Amino acid sequence: MTERETTRLVAWSQELRRVHHRLRNALSVTRASLADGTPGEAATRELLLYCHGFCTALDRHHQGEDRTLFPAIAAAHPQLRPVLRSLEQDHSMIAHLLGGLREAVDRAAPPDELDRHLEGVAALMENHFRYEERQLLTVLETLELAAGAEEVLGPL
């Protein structure tokens, strides 16, 4: 394997870390917007923008993993199939929580309710990211994957 090929392979693990970092930051900005407590229509529009942007980014990230990354890992490392199933279950639970958050934002729920939704998403998302990183980063350093980063990890 050439140095360039090795660099490209290691880049997958680094890119996953970067995507997780960006999603953590997006959630932090969303929660800060809510905590700011600015009343009125402008605050609601801002929260809608942050929440919908964050929810869409997280959804697309998980869809890319489920559709492209996880099948490639399962083919190369069949022993990781139970880990991948667990991560896919997390994706489903996170999608359900994001649906509740979207619904609450759309109906302009009170800030304490929105914060409960965000707290639930944050807890599961952080646990999921840490588990995924522990289980998959080393594997990603050796995974040969022809797809582009956006297709695999979402458009961030």
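All heavy atoms count here, side chains included; hydrogens, waters and symmetry mates do not. Note that this is a predicted model, so its numbers are computed, not measured.
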Using residues 119-126 as the side-chain source, report each donor-acceptor pair under 3.5 Å to any protein atom, sequence neighbours left out, with the distance given to one decimal.
unit_1	atom_1	unit_2	atom_2	d
Glu119	OE1	Arg31	NH1	3.0
Glu119	OE1	Arg31	NH2	2.8
Glu126	OE1	Arg24	NE	2.7
Glu126	OE2	Arg24	NE	3.3
Glu126	OE2	Arg24	NH2	3.0
Glu126	OE2	Arg130	NE	2.8

May I have the list of side-chain donor-acceptor pairs in residues 73-90 shorter than 3.5 Å, sequence neighbours left out?
unit_1	atom_1	unit_2	atom_2	d
Arg81	NH2	Ala74	O	3.4
Asp90	OD2	His128	ND1	2.9

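Atoms CD and OG1, from Glu133 and Thr138 in turn, are 11.5 Å apart once rounded to the nearest 0.5 Å. In this structure, CZ in Arg102 is found 5.5 Å from OG1 in Thr56, a value given to the nearest 0.5 Å. Going from atom CG of Leu101 over to atom CG of Asp106 covers 9.0 Å, rounded to the nearest 0.5 Å.
Asp66 and His62 share no donor-acceptor pair across their side chains, judged by distance under 3.5 Å alone.
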Please determine whether side chain to side chain contact (heavy atoms under 4.5 Å, CB included) holds for the pair Arg17 and Phe129, giving the CA-CA distance in whole Å, both sets of side-chain angles, and the decisive distance to 0.1 Å. CA-CA 9 Å; Arg17 282 188 188 121; Phe129 285 174; over 6 Å; no

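A salt bridge links Asp112 with Arg116: the closest approach of a Lys/Arg side-chain nitrogen to an acidic carboxylate oxygen falls below 4.0 angstrom. Salt-bridge check for Glu65 with Arg60: failed, with every basic side-chain N at 4.0 Å or more from each acidic carboxylate O.
At least one side-chain heavy atom of Glu113 sits less than 4.5 Å from a side-chain heavy atom of Arg107.
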